[in-house]
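Quick note on labels: first sequence line is chain A, next is B, and so on, each numbered from 1. Just so we're clear, the structure is a prediction, and the values are computed from it rather than from any experiment.
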Amino acid sequence: MNLYRYLVPRYLVFPLLFPPLFFSVSFLCDTIQLMSEFCPKDFEERWRQRWKKDAVYTRSFSDDKIPYYVLEMFPYPSGKLHMGHVRNYTLGDTLARFKRMTGHNVLYPIGFDSFGLPAENAAIKHGVNPKSWTLDNVDTMKQQLQLLGLSYDWNCELATCKDDYYRWNQWIFLQFYKKGLVYRKKAYVNWDPVDQTVLANEQVIDGKGWRSGAVVEKKEIAQWYFKITDYAEELLNDLDTLDGWPDRVKQMQRHWIGKSVGSEIDFEVFDGSGKYVETLTVFTTRIDTLYGASYVCIAPEHPLTAAIKSVHVSPTSVQGFIDQCLEQSQADRSDNDKVKLGFETGYKVINPINNEKLPLFIANYVLMDYGTGAVMAVPCHDQRDFAFATQHSLPLKLVIQDPLSSLTLSDFPHAYCEDGLLCNSGPHSGLDSKTARKAITDTLISQKKGRFKAQYRLRDWLISRQRYWGTPIPIVYDEAGEPHAVDESELPVLLPEDVTFDGKGNPLEQSDTFHQFPQPGYRRETDTMDTFVDSSWYFLRYLSAKDDTQAFDPALIKQFLPVDQYIGGVEHACLHLLYARFFTKALRDCGYLEINEPFTRLLTQGMVLKDGAKMSKSLGNTVDPSYIIDRYGADTARLFILFGAPVDRDLEWSDKAVEGSFRFLKRIWALCQSPEKYPLSSPDIVLRARHVCIKKVSHDIARFQYNTAISHLMTLVNTFYHHGCSEDDLRILLLLLAPFAPFMTEELWQQFESTSIHQAAWPTFDPALCETDEVTIVIQVNGKVRDKMTIAKNQERDSLEKVILSRDKIIPYLRDKSPKKIIYVPNKLFNLVI
RNA sequence: GCGCGAGUGGCGAAAUUGGUAGACGCGCUAGACUUAGGAUCUAGUGCCGCAAGGCGUGGGGGUUCAAGUCCCUCCUCGCGUACCA
């Protein structure tokens, strides 16, 4: 099998053929010398084809091995693979290979998240068809994935932009619709008044449209929502069951869901003439400060503003203020350092606890999306209210007293936001904040003017997109404009081809074929779905990617789900990962799944950086994976990316360090080419090194500590260089390296076996052979290392103490006294306190 | 603004979770082999110091016999912030 050892080294051939040219040629072309030694190009392509032909990585569905599902966040086909992809997929592939070798039935699929904005942008900019642009990119990226030697089962491949996938998006939409999890509501969008189109946040640059440059407006349109808030409590509580998730991701999701427990209070609203208008409900976590309320604020988007505008002496000034607020981003509006804008409406509200009459404001810092879109303002005990009240000369009422000091109004450069004892609070004065919250709420409950309430920061999921390149929402409108669900038998609602991309409006509006269907007068919904819908359930579809009778197969789901290991970027911590959890629970409640959570273990990998910054085209600091594979081979690329940093930390790209990984592989290649040069000189040392290495590498791979796993392999190779190795030692080395460097290990394995190394069993170790009977202990004086000593293991303290106190290096520190205290950590250290 | 992380030699990092700080690799230095070396092999390499020794895990403070690891505080950088995926 191995021809290479018989090849005449090329550096001998070249000078003979072209003597005068040789030096300049060798100077120009680095690879000539490498080829004589170790040239991955000579075998990588051969193994790619052979593995495919022998179906080495295809999983079986009926197998007595334990199923194991390795999942990576599937790529958006942007054009070319970048290093972030390479890192993501190398991490997963290494695990998949390890799990196969340890006897698991591994499901390791890949697909393409192929709907989305960039395809439509390309269509507008370059006149290409989104579908062909996308599918071309899929082909390119698929080739690159295969170059890397990723062991995917390509039978599972899917692309979300194909109707055999997105029809099931529509089917799931209909199931959710039936279940009452879908509704329509008005929401604001970014509106480009020149292009007459809705813009994504990303397409708004400094408040202007990315193409037209026009100042972007807010426009209110009716849109479709999924009721993810129905699951807020479960999504929050079940985080506690996800032991295999990083704490930081769970923490981010907890804050994203943002549960706070408090009360709702009803304020009666009266217009300027004293006429009752309606009841306004506010949410607060600090009802204990209710006596200190000095005004009430509503969000600029609040429905009550319509009534105010209709009776106001200057409706344009009301609208002008609202427009001014809507121009700001939500982050700016809630920025503590930014000016709080307020508009006094002339309306009054009644504080239900003491019947005090308070002014009603519209304020920019109140957000319609949180709570009820209205707040009571207590300037003394909330910093934003304090800033607003100071600006608008509103009264300050101190109602919470700091139990440790006595606050007076003159102490108020800042609000006092802690709990304390109530004062100036009528019958509730003297209560502590916690007791008062219950007491005051109970009082309001008895008057039917308030109630306890849990509030979530999580908002319902707006899935409508006014775009072409996405899944059509399966709804039709009758002549009266009422929505109706499309019948399941009519799925898929196909994306029409008779559309143009001029950047103006939604292309689906203009398609004739799209709106032609049996019922006359009916029109189709032209909104498409958020692409996060596609990625919320794709891991269920992999198992039955080609099934045209159902979205997913319950029997296969039962075998392989939940996903054992999910791998991807931490940037998806709150959106994608929360949406996928919601889909799993909602599909369960629709009767299609039995699991509660989709992903048992989650790994969030770090980014790949160059010169300290994220690799990006705009910065011009990208490194093309294809170039690295072409120059060094896929094994080197994989090895560097795994060795360079811990998996969850950012990885700084280094051309020099890539050379180092290449050198490591070359050293192994050399060992296997001429084992006779490395005769076994210290069998005991080598045997122990080998068993220790198996132990450490197995331990580290199972914990995703790939960088240290590889360092142990390097140590083993160094041992072989110094003390020699046997054929058995080399076989173990290749097995341990196989998940990391699949090509070279397979090539070298053929010296020993005619079967694939990737179907071989992972080696085991003998714990007894990993041990030594000696240990080096440290002797400290007052915590500083002063001496070291190698002794037999597990020695008694008393006899050792005597030896230590009489050692040459220690005696001078004792100054003829005995130590105050001696701390002994068996087999580790002595610390003498003097 | 709000939420979540990260910070250790010239560089990427390691440290059995409170017990020898710097494994492994890059780079650098010296040597060997060579017509040659940007190949390969061998040895050395945290900083200051001739040395004895001292100093060292972003800054400052604390707990402890002992702190990279625990507590308080400050600084810098990264990610997310709901229509990028």
Q: Heavy atoms only, 4.0 Å cut-off, all strands: where does A:Q223 land among base, sugar-phosphate and nothing?
A: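 Answer is base: heavy atoms of A:Q223 come under 4.0 Å of a base.
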Q: May I ask you to say what A:W256 touches in the nucleic acid, namely base, sugar-phosphate or nothing, with a heavy-atom cut-off under 4.0 Å?
A: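 Result for A:W256 = base.
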Q: Out of the candidates A:L578, A:D369, A:L236, only one should pair with A:L458 under the side chain to side chain contact (heavy atoms under 4.5 Å, CB included) rule; please name it.
A: A:L578
Q: Give me the distance, rounded to whole Å, that separates B:G12 from B:U8 when you measure between the C1' atoms they each carry.
A: 12 Å
Q: Got a sec, which residues hit side chain to side chain donor-acceptor pair (under 3.5 Å) with A:W191, two or more places apart in sequence or on another chain?
A: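 Listed in chain order: nothing, the list is empty.
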Q: With the side chain of A:L458 defined as its heavy atoms from C-beta on, choose the nearest nucleotide among B:A13, B:C65, B:A82.
A: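 Selected nucleotide: B:A82.
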Q: Syn or anti for B:G54? Use the chi torsion, O4'-C1'-N9-C4 for purines and O4'-C1'-N1-C2 for pyrimidines, with syn inside 90° of 0.
A: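 Anti.
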Q: If the condition is side chain to side chain donor-acceptor pair (under 3.5 Å), which residues does A:S698 pass it with, not counting sequence neighbours?
A: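 In terms of side chain to side chain donor-acceptor pair (under 3.5 Å), with neighbours along the sequence ignored, A:S698 is linked to A:W762.
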Q: Base, sugar-phosphate, or nothing: which does A:R333 touch, judged by heavy atoms less than 4.0 Å apart?
A: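 If one applies the 4.0 Å heavy-atom cut-off, A:R333 turns out to touch nothing in the nucleic acid.
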Q: Let me confirm one number: the SG-CG distance from A:C725 to A:L733, rounded to the nearest 0.5 Å.
A: 8.0 Å
Q: Return whichever of A:G660 or A:P118 has its heavy-atom-nearest nucleotide of RNA chain B closer to the 5' end.
A: A:G660
Q: Any chance the rings of A:F388 and A:F386 have centres within less than 6.0 Å?
A: no
Q: Give me, pair by pair, the N or O atoms of the protein and of nucleotides 18-24 of chain B that are less than 3.5 Å apart, along with how far apart they are.
A:
unit_1: B:U20; atom_1: O2; unit_2: A:K788; atom_2: NZ; d: 2.7

Q: Are OP1 or OP2 of B:C41 and a side-chain N or O of A:R663 less than 4.0 angstrom apart?
A: no
Q: Can you tell me how far apart NZ (A:K185) and OG (A:S464) are? Round to the nearest 0.5 Å.
A: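 It comes to 12.0 Å.
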Q: Answer syn or anti for B:U17, where the cut-off is 90° from 0 on the glycosidic torsion.
A: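 Syn, since the glycosidic angle lies within 90° of 0.
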Q: Quick one: label A:P646 by what it contacts on the DNA or RNA (base, sugar-phosphate, nothing), any heavy atom closer than 4.0 Å.
A: sugar-phosphate
Q: What do you reckon, is NZ of A:K793 surrounded by more than 12 foreign heavy atoms closer than 6.0 Å?
A: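 Atom NZ in A:K793 is packed in, count exceeds 12.
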Q: Can you tell me how the ring of A:F115 sits relative to the ring of A:W469, calling it parallel under 30°, perpendicular over 60° and tilted otherwise?
A: perpendicular
Q: Base, sugar-phosphate, or nothing for A:E659, non-hydrogen atoms under 4.0 angstrom?
A: nothing
Q: Could you give the distance separating B:U17 and B:G60 at their P atoms, to the nearest angstrom?
A: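 Looking at atom P only, B:G60 and B:U17 are 29 Å apart.
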Q: Counting Watson-Crick and G-U wobble pairs with both distances under 3.5 Å, what is the dot-bracket string for RNA chain B, 5' to 3', using [ ] for crossing pairs and | for pairs to another strand?
A: (((((((..(((......[....)))((((((.......))))))(((....)))..(((((..]....))))))))))))....
Q: For B:U20 and B:A32, measure between their C1' atoms and round to the nearest Å.
A: 34 Å
Q: Could you list the protein-to-nucleotides 69-79 of chain B atom pairs, N/O on both sides, closer than 3.5 Å?
A:
none

Q: Could you tell me whether the phosphate oxygens of B:G7, OP1 or OP2, come under 4.0 Å of any side-chain nitrogen or oxygen in A:R649?
A: yes
Q: Does B:C83 have OP1 or OP2 under 4.0 Å away from a side-chain N or O of A:R465?
A: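 For B:C83, OP1 or OP2 has a side-chain N or O of A:R465 closer than 4.0 Å.
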Q: Looking at A:K784, I'd like to know whether one of its side-chain N or O atoms comes within less than 4.0 Å of OP1 or OP2 on B:C55.
A: yes
Q: If you check every side-chain atom of A:T531, which of B:A13, B:A85, B:A82 has the closest atom?
A: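 Among B:A13, B:A85, B:A82, the one nearest the side chain of A:T531 is B:A85.
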Q: Can you name the nearest heavy-atom pair linking A:D113 to A:P77, along with the distance?
A: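 Residues A:D113 and A:P77, closest heavy atoms: O-CD, 3.4 Å.
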Q: Using 30° and 60° as the class limits, which term best fits the ring planes of A:W653 and A:F640: parallel, tilted or perpendicular?
A: perpendicular
Q: Give one of base, sugar-phosphate or nothing for A:S464, where a contact means two heavy atoms less than 4.0 Å apart.
A: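 A:S464: base contact, heavy atoms under 4.0 Å.
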Q: A:L117 has a side chain; which of B:C83, B:U42, B:A85 sits nearest to it?
A: B:A85
Q: If you go through the side-chain atoms of A:Q203, does one of them form a donor-acceptor pair with the base of B:C83 closer than 3.5 Å?
A: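 Result: no qualifying N/O pair found.
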Q: Give one of base, sugar-phosphate or nothing for A:V189, where a contact means two heavy atoms less than 4.0 Å apart.
A: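 Base: the residue A:V189, judged by heavy atoms under 4.0 Å, touches a nucleobase.
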Q: Can we call the ring centroids of A:W461 and A:Y579 under 6.0 Å apart?
A: yes
Q: Between B:C26 and A:S654, is there an OP1 or OP2 to side-chain N/O distance shorter than 4.0 Å?
A: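 It does not, given that no N or O in the side chain of A:S654 lies less than 4.0 Å from OP1 or OP2 of B:C26.
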Q: Mind checking the C1' distance from B:A85 to B:G18? Whole angstroms is fine.
A: 43 Å
Q: If I take atom CE from residue A:M607 and atom CG from residue A:D650, how far apart are they, to the nearest 0.5 angstrom?
A: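 Spacing of CE (A:M607) from CG (A:D650) equals 4.5 Å.
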Q: Working note: A:W210 + A:N121, criterion side chain to side chain donor-acceptor pair (under 3.5 Å); need CA distance, chi angles, decisive distance, verdict.
A: CA-CA 11 Å; A:W210 65 303; A:N121 289 348; 5.2 Å; no
Q: Under 3.5 Å between N/O atoms: give me all the protein pairs with nucleotides 28-33 of chain B, atom names plus distance.
A:
none

Q: Classify the angle between the aromatic ring planes of A:F704 and A:Y706 as parallel (below 30°), tilted (30 to 60°) or perpendicular (above 60°).
A: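 A:F704 vs A:Y706 ring planes: perpendicular.
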Q: For A:H572 and A:R459, take the nucleotide of RNA chain B holding the closest heavy atom to each; which residue's nucleotide lies nearer the 5' end?
A: A:R459
Q: Could you please name the option among B:A82, B:C4, B:A85 that lies closest to any side-chain atom of A:H255?
A: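 Within the option list, the nearest is B:C4.
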Q: For a quick test of reading the model: is some side-chain N or O of A:H722 closer than 4.0 Å to OP1 or OP2 of B:A43?
A: yes
Q: Base, sugar-phosphate, or nothing for A:F664, non-hydrogen atoms under 4.0 angstrom?
A: nothing
Q: Which is true for A:R786 with a 4.0 Å heavy-atom rule: it touches a base, it touches only sugar-phosphate, or it touches nothing?
A: sugar-phosphate
Q: Is the cationic atom of A:R457 (NZ for Lys, CZ for Arg) positioned less than 6.0 Å from the six-membered ring centroid of A:Y370 and within 45 degrees of its normal?
A: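 Geometry flag: not set, cation outside 6.0 Å or 45°.
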Q: Do A:F74 and A:Y538 make the cut of ring centroids closer than 6.0 angstrom?
A: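 Yes, they do, as the ring centres are separated by less than 6.0 Å.
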